[in-house]
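This report concerns only the one structure given below.
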Amino acid sequence: FVLIAQIRKSAISIPSNIAEGCGRGTDKQLIHFLDIAIGSNCELETQIYLSFDLEYISQEEQDRFVSEITEIRRMILKFRDKWS
């Protein structure tokens with residue numbers, strides 16, 4: 001159950017940090033919060049790998065989740081590159 005809580009926390013943190021960065025008003029702060037969102041995205045990916053290793057999810061679920069997480073990270077990076 002601890003892993004589920006961590007997954008939820010990481011997943012919620014990604015859009016929350018993007019929103020906070022957009023609301024801060026400066027490019028520097030936006031980039032900072034986008035970097036935090038990227039870190040949360042990487043945490044989430046690690047937690048998915050752990051979920052598979054602990055046999056909580058199947059290989060197919062892991063592959064699907066990692067693919068979606070990777071795509072979200074690409075979008076955040078592209079957005080960050082626009083501001084840096």
Side-chain angles (χ1 to χ4, degrees):
F1 291 109
V2 173
L3 185 56
I4 292 169
Q6 281 299 117
I7 288 171
R8 286 181 179 151
K9 181 181 175 199
S10 296
I12 290 168
S13 179
I14 296 166
S16 298
N17 278 294
I18 294 168
E20 186 168 355
C22 289
R24 288 294 179 131
T26 69
D27 292 352
K28 184 177 179 179
Q29 288 181 321
L30 172 59
I31 292 167
H32 172 74
F33 281 95
L34 291 174
D35 286 339
I36 293 171
I38 292 165
S40 295
N41 180 280
C42 292
E43 284 181 35
L44 181 58
E45 184 177 7
T46 299
Q47 292 155 359
I48 294 301
Y49 286 125
L50 288 171
S51 295
F52 173 73
D53 290 345
L54 295 169
E55 300 180 356
Y56 295 148
I57 62 174
S58 68
Q59 180 72 56
E60 294 80 22
E61 289 170 314
Q62 175 187 285
D63 292 345
R64 189 183 77 214
F65 293 143
V66 168
S67 176
E68 291 175 10
I69 291 165
T70 301
E71 180 60 26
I72 291 167
R73 185 167 49 246
R74 281 190 200 120
M75 289 188 287
I76 298 168
L77 287 165
K78 207 176 250 191
F79 185 57
R80 187 187 68 178
D81 289 347
K82 179 179 178 180
W83 296 99
S84 39

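Counting begins at 1 with the first residue of the sequence. The structure displayed is predicted, hence computed values, not measured ones.
Atom CG of L44 and atom OH of Y49 lie 11.0 Å apart (nearest 0.5 Å). Once rounded to the nearest 0.5 Å, the distance linking CD1 of I7 with CZ of F65 reads 8.5 Å. Rounding to the nearest 0.5 angstrom, the gap separating the CZ atom in F52 from the CD atom in E61 is 10.5 Å. Atom CD of residue E68 and atom CG of residue N41 lie 11.5 Å apart, to the nearest 0.5 angstrom. Interatomic distance, I72 CD1 to S67 OG, rounded to the nearest 0.5 Å: 9.5 Å. Annotation: the span from I31 atom CD1 to W83 atom CH2 amounts to 9.0 Å, rounded to 0.5 Å.
The backbone N or O of V66 sits less than 3.5 Å from a side-chain atom of T70, completing a donor-acceptor pair. The backbone N or O of S13 sits less than 3.5 Å from a side-chain atom of N17, completing a donor-acceptor pair.
The closest side-chain donor-acceptor pair between Q47 and S10 falls under 3.5 angstrom.
Using a cutoff of 4.0 Å between basic side-chain nitrogens and carboxylate oxygens, E45 and R73 are scored as salt-bridged. Using a cut-off of 4.0 Å between Lys/Arg side-chain N and Asp/Glu carboxylate O, E60 and R64 are scored as not salt-bridged.
The hydrophobic clustering, which links ILVMFWY residues whose side-chain heavy atoms are closer than 4.5 Å, places I76 and L30 together. With hydrophobic clusters built from ILVMFWY side chains whose heavy atoms lie under 4.5 angstrom apart, I36 does not share a cluster with I18. Residues L3 and I69 share a hydrophobic cluster, clusters being chains of Ile/Leu/Val/Met/Phe/Trp/Tyr side chains in contact below 4.5 Å. The cluster map of Ile, Leu, Val, Met, Phe, Trp and Tyr, joined by side-chain heavy atoms under 4.5 Å apart, puts M75 and L34 in the same cluster.
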| How far apart are the C-alpha atoms of K28 and H32, what are their side-chain angles, what is the distance that settles it, and do they pass the side-chain contact (heavy atoms from CB on, under 4.5 Å) test? | CA-CA 6 Å; K28 184 177 179 179; H32 172 74; 5.9 Å; no
| said: side-chain contact (heavy atoms from CB on, under 4.5 Å), that's the test. Do F33 and S16 meet it? Break it down for me. | reply: CA-CA 9 Å; F33 281 95; S16 298; over 6 Å; no
| task | Kindly indicate, with the supporting measurements, whether the criterion side-chain contact (heavy atoms from CB on, under 4.5 Å) is fulfilled by K82 and K78. | result | CA-CA 6 Å; K82 179 179 178 180; K78 207 176 250 191; over 6 Å; no
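Residues I38 and R80 share a closest heavy-atom pair of CD1-NH1, 3.9 Å.
The neighbour count for Q59 CD, taken as heavy atoms of other residues, nucleotides or ligands under 6.0 Å away, is above 12.
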